[in-house]
Amino acid sequence: MAGRFAPRPTRTTVRGGHVAVPADASGGVPRQAVAPGRTRTWTPPWPVDLGLVLGPLRRGPGDPTFRATPDGAVWRTSRTPAGAGTLRVSARGGVVRGEAWGPGSEWLLEQLPEMLGAADDPDAFEPRHRLVAVARHRRPGLRLTRTGLVLESLIPSVLEQKVTTDEAYRAWRLLVRKFGEPAPGPAPERISVMPEPRTWALIPSWEWHRAGVDNKRASTILRAVRVAGQLEEAVGMEPGAAQARLELVSGIGPWTSAETVQRSHGAADSVTVGDLHLPGIVGYALAGDRDADDSVMLSLLEPYAGQRHRAARLILLSGRAPARRVPRMPRGDIGRL
């Protein structure tokens with residue numbers, strides 16, 4: 001029966017990087033004419049699942065830099081080396097169409113294949129557990145994105161340190177909407193481009209506070225944007241070397257660097273350590289051990305050496321997770337203090 005029915009989304013599968021991209025409801029009717037931008041069509045030799053590939057780039061349902069629209073398209077904004085840009089990606093009949101606006105449009109379209117997994121090699125992965133094999137069979141469109149941009153994944157990852165995802169998503173949403181810039185082109189309403197490094201550096205301390213970001217995380221971001229150029233250069237490095245460079249910035253550890261290079265580099269082996277929930281999910285899925293720690297998780301993932309992040313994503317996408325037995329982590333809001 002595997003693959004006959006689409007798996008229902010759960011808290012775990014959403015965390016695995018699944019975004020529900022609506023099927024094209026336009027009935028083949030052309031979209032309303034919009035301001036012309038640059039376009040590119042590309043026909044990948046594999047099935048494309050925009051929600052699976054691009055899902056890890058969305059930071060919550062209200063992410064101001066990401067939107068899935070009813071016409072089956074995904075909109076993203078990025079601050080590229082050439083400047084701000086808006087990208088609309090759609091897939092129909094095996095053909096991917098990219099449309100881009102703004103100074104960064106050409107860069108985004110050039111990066112489009114890698115963003116959709118062209119640099120990934122899923123054939124190098126060999127399932128060692130039935131659960132992983134079934135999850136892979138049900139998700140034939142799973143490929144690891146490679147954005148080629150470090151800061152746009154690093155900053156929201158820092159915001160996610162030691163807080164609930166709701167708190168982190170809220171902080172990202174408030175800061176980008178207030179200090180970012182309007183998206184170029186005919187982007188959906190309330191879509192913005194993240195601030196440039198200098199703007200991040202000039203955000204007043206009380207605005208971090210109002211967004212619920214404590215001084216430790218804010219200071220880490222400020223240190224990172226001061227060396228933004230050197231951090232972006234890490235895109236040309238191997239994932240391990242890139243992580244080492246990121247971790248030279250005080251406040252960036254293995255958890256944050258792994259979460260970053262998984263997106264910026266498409267790093268198939270950069271498994272997230274230091275996570276509150278992931279070891280228990282992996283331990284429960286592969287060995288029935290809901291109390292597994294990082295060492296146990298890494299031991300269980302050892303057969304997937306070189307592909308451990310992909311294995312962990314498939315486990316999350318399988319939806320198999322231990323039942324919650326403790327209250328949720330309390331949500332705080334230092335902005336109320």
Side-chain angles (χ1 to χ4, degrees), residues 9-20 51 54-69 74-79 84 147 149-183 187-197 199-225 251-253 255-256 258-260 262-263 272 274-278 316 324 326-337:
T10 65
R11 171 174 55 90
T12 308
T13 60
V14 168
R15 191 183 172 201
H18 178 268
V19 169
L54 300 179
L57 303 180
R58 186 183 73 160
R59 305 292 180 158
D63 186 347
T65 69
F66 189 109
R67 185 76 54 80
T69 51
V74 170
W75 292 77
R76 288 196 68 236
T77 64
S78 294
R79 188 164 295 282
T147 65
L149 298 169
V150 171
L151 230 58
E152 75 169 25
S153 293
L154 175 63
I155 291 176
S157 294
V158 172
L159 292 175
E160 291 171 9
Q161 293 176 352
K162 306 296 184 182
V163 296
T164 65
T165 53
D166 286 345
E167 292 173 83
Y169 292 160
R170 174 181 177 271
W172 173 249
R173 182 173 65 251
L174 293 178
L175 292 169
V176 171
R177 283 182 178 165
K178 187 162 189 176
F179 297 101
E181 63 184 76
E189 188 179 2
R190 296 178 68 79
I191 289 286
S192 305
V193 183
M194 66 172 273
E196 59 182 357
T199 303
W200 284 109
L202 294 177
I203 295 177
S205 59
W206 59 86
E207 294 291 356
W208 293 103
H209 186 83
R210 287 173 178 170
V213 182
D214 56 65
N215 183 64
K216 183 177 180 180
R217 287 179 291 150
S219 297
T220 299
I221 292 173
L222 294 177
R223 286 189 290 267
V225 297
I252 298 177
W255 185 92
T256 306
E259 289 286 312
T260 301
Q262 287 166 8
R263 297 164 172 84
T272 304
D275 192 83
L276 180 62
H277 303 290
L278 185 61
L316 289 170
R324 190 185 299 276
V326 296
R328 289 179 179 270
M329 180 178 176
R331 176 179 175 179
D333 184 2
I334 64 172
R336 294 178 178 271
L337 299 178

What's the spacing between [X] [atom1] and [Y] [atom2] if we round to 0.5 Å?
| X | Y | atom1 | atom2 | value |
| --- | --- | --- | --- | --- |
| Leu159 | Tyr169 | CG | OH | 11.5 Å |
| Ile155 | Ile221 | CD1 | CD1 | 6.0 Å |
| Arg173 | Asp166 | CZ | CG | 9.0 Å |
| Ile191 | Arg76 | CD1 | CZ | 10.5 Å |
| Met194 | Glu181 | CE | CD | 10.5 Å |

For [X] against [Y], the heavy-atom pair lying closest together:
| X | Y | result |
| --- | --- | --- |
| Ser153 | Ser157 | O-OG, 2.7 Å |
| Pro188 | Thr69 | CG-CG2, 4.1 Å |
| Glu152 | Trp172 | O-CH2, 4.4 Å |
| Ala171 | Val213 | CB-CG2, 3.6 Å |
| Val193 | Ala84 | CG1-CB, 3.8 Å |
| Gly55 | Val19 | CA-CG2, 3.4 Å |

With sequence neighbours left out, what residues match [X] under side-chain contact (heavy atoms from CB on, under 4.5 Å)?
| X | value |
| --- | --- |
| Phe179 | Leu175, Pro195, Thr199, Ile203, Pro204, Glu207 |
| Pro61 | Arg58 |
| Leu222 | Trp208, Arg226 |
| Thr272 | Trp255, Ala258, Glu259, Gln262, Asp275, Leu278 |

Evaluate the side-chain proximity of [Y] to [X]: yes if any heavy-atom separation is below 4.5 Å, no if none is.
| X | Y | result |
| --- | --- | --- |
| Leu174 | Arg210 | no |
| Leu151 | Arg79 | no |
| Arg263 | Leu57 | yes |

All side-chain hydrogen bond (donor to acceptor under 3.5 Å, both in side chains) counterparts of [X], not counting sequence neighbours:
| X | value |
| --- | --- |
| Arg223 | Thr220 |
| Thr165 | none |
| Glu196 | none |

Show your working on side-chain contact (heavy atoms from CB on, under 4.5 Å) between Ser78 and Leu149 and close with a plain yes or no.
CA-CA 9 Å; Ser78 294; Leu149 298 169; 3.9 Å; yes
Salt bridge (charged side-chain N to carboxylate O under 4.0 Å, His left out) partners of Asp63, counting only residues at least two apart
none
What verdict does the salt bridge (Lys or Arg N to Asp or Glu O under 4.0 Å) test give for Arg217 and Glu167, after you've listed the backbone C-alpha separation in whole Å, the side-chain angles of each residue and the deciding distance to 0.1 Å?
CA-CA 13 Å; Arg217 287 179 291 150; Glu167 292 173 83; 5.7 Å; no
Does CZ in Arg177 sit with more than 12 non-hydrogen atoms of other residues, nucleotides or ligands closer than 6.0 Å?
yes
Flag the pair Glu160 and Arg59 as a salt bridge only when some basic side-chain nitrogen lies within less than 4.0 angstrom of an acidic carboxylate oxygen.
yes
Hey, does the side chain of Gln161 reach the backbone of Gly251 with a donor-acceptor pair shorter than 3.5 angstrom?
yes
